[in-house]
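Note sheet for the following structure.
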Amino acid sequence: AARNVIADRYLLSLWSDAAAILSARNEHDCYDRIAEACLNLWGNDATIYIGKVADEKKHFEMVAVAGHQSSHIKKELFTKHIPINKGIFGYLRKNEGPLLSYSTAKDERFRYHSMREDGEKEGSALAMKISDPSDKNPIAFLSVEHERENYFDTDDARYIIGLSRLGYE
């Protein structure tokens, strides 16, 4: 019974998020609404990063950051471009998602320069491409991080898959 309550919570969230995301005025408004949907589900203790491949296809550019650590992000890092094969976005670009990391401190895929001001990498993370499953070129990448280890689970992974498909629409 408890499992159904959890699943129902995610379905209700996706239902309400769909209306907001699909009514976005433009691409950046859509990214903001995706970030807001993540915060609505996982709370303000989560930090949401959304990046996309830059026009030159040589690096990622951050297009949205929201949540707990967003006020502590180094401004120069937010405007700095991330090399195309680096970080969690680089991993997702080459691999299928979602990516669920119970401990970012122990996860090799998180061995890159953190965007957090203090440089800490402890916690857990959930990440996914924003794309149509049949499209080889995702339009963006979503990473949700939390300072607590083991914060996310497979229900969270299923939700982020649905959310990423909404973002593509």
Side-chain angles (χ1 to χ4, degrees), residues 2-18 21 30-31 33-53 60 62-70 72-73 82-116 118-169:
R3 196 70 172 159
N4 288 338
V5 171
I6 293 170
D8 289 348
R9 176 177 157 234
Y10 288 91
L11 287 173
L12 289 172
S13 292
L14 268 177
W15 182 262
S16 63
D17 297 337
I21 292 167
C30 180
Y31 297 141
R33 290 175 187 222
I34 291 171
E36 185 178 322
C38 291
L39 291 176
N40 287 339
L41 186 64
W42 292 301
N44 288 327
D45 288 340
T47 304
I48 292 80
Y49 302 95
I50 302 175
K52 67 177 194 169
V53 176
F60 297 104
M62 297 302 297
V63 293
V65 175
H68 181 65
Q69 288 287 337
S70 63
H72 301 291
I73 302 298
I82 302 165
I84 200 74
N85 294 318
K86 299 291 183 185
I88 208 62
F89 295 158
Y91 176 84
L92 282 172
R93 184 172 165 265
K94 295 184 248 175
N95 298 280
E96 292 301 313
L99 178 144
L100 175 58
S101 176
Y102 297 107
S103 174
T104 56
K106 298 172 187 170
D107 192 330
E108 289 295 321
R109 296 169 294 193
F110 284 86
R111 300 279 185 238
Y112 66 98
H113 187 71
S114 176
M115 290 189 68
R116 295 180 186 173
D118 57 13
E120 290 182 12
K121 297 179 189 114
E122 292 180 5
S124 54
L126 185 60
M128 184 70 188
K129 299 175 188 180
I130 298 176
S131 67
D132 182 316
S134 63
D135 192 349
K136 299 273 187 213
N137 300 310
I139 59 170
F141 301 85
L142 169 64
S143 177
V144 183
E145 299 180 11
H146 198 279
E147 292 178 347
R148 272 189 12 220
E149 290 189 351
N150 301 307
Y151 184 78
F152 300 107
D153 61 21
T154 54
D155 281 335
D156 296 305
R158 282 191 284 273
Y159 172 82
I160 204 169
I161 290 170
L163 190 64
S164 72
R165 304 273 161 66
L166 285 173
Y168 183 82
E169 295 297 323

- Message: Return the CD1 to CG distance between I88 and L142, rounded to the nearest 0.5 Å.
- Response: 11.5 Å
- Message: Just verifying a value: how many Å separate D155 CG and I160 CD1, rounded to the nearest 0.5 Å?
- Response: 13.0 Å
- Regarding E149 and S103, is there a side-chain donor-to-acceptor distance under 3.5 Å anywhere? yes
- Item | Contact check, side chains of F141 and I130, non-hydrogen atoms, under 4.5 Å | no
- Item | For A157 against L126, the heavy-atom pair lying closest together | CA-CD1, 3.8 Å
- Kindly write out the residues that satisfy side chain to side chain donor-acceptor pair (under 3.5 Å) with R93, not counting sequence neighbours, or none if the list is empty. N85
- Of all heavy-atom pairs between S101 and D107, which one has the smallest distance, and what is that distance? OG-OD2, 2.9 Å
- Any side-chain heavy atom of D156 within less than 4.5 Å of one from L100? no
- Kindly say whether G67 contributes a backbone atom to a donor-acceptor pair with the side chain of T47 at under 3.5 angstrom? no
- Query: Looking only at heavy atoms, which two atoms of Y31 and A64 are closest? And how far apart?
  - Reply: CB-CB, 4.3 Å
- Message: Within this structure, what is the CD1-SG distance for the pair I139 and C30, rounded to the nearest 0.5 Å?
- Response: 6.5 Å
- Task: Search all heavy atoms of Y102 against all heavy atoms of S124 and return the closest pair with its distance.
- Result: O-CB, 3.5 Å
- Item | F152 side, atom CZ; N150 side, atom CG - distance, nearest 0.5 Å | 11.0 Å
- Donor-acceptor contact below 3.5 Å, side chain K129 vs main chain N95: yes
- Parallel, tilted or perpendicular: which describes the rings of H146 and Y151, with under 30° parallel and over 60° perpendicular? parallel
- Message: Quick check for you: to the nearest 0.5 Å, what is the distance between Y49 atom OH and C38 atom SG?
- Response: 13.0 Å
- What is the distance from atom CG of L99 to atom OG of S143, rounded to the nearest 0.5 Å? 8.0 Å
- Quick one: does I161's side chain get under 4.5 Å of M128's, heavy atoms only? yes
- Could you pull out the closest heavy-atom pair between T104 and A125, with the gap in Å? CG2-CB, 3.7 Å
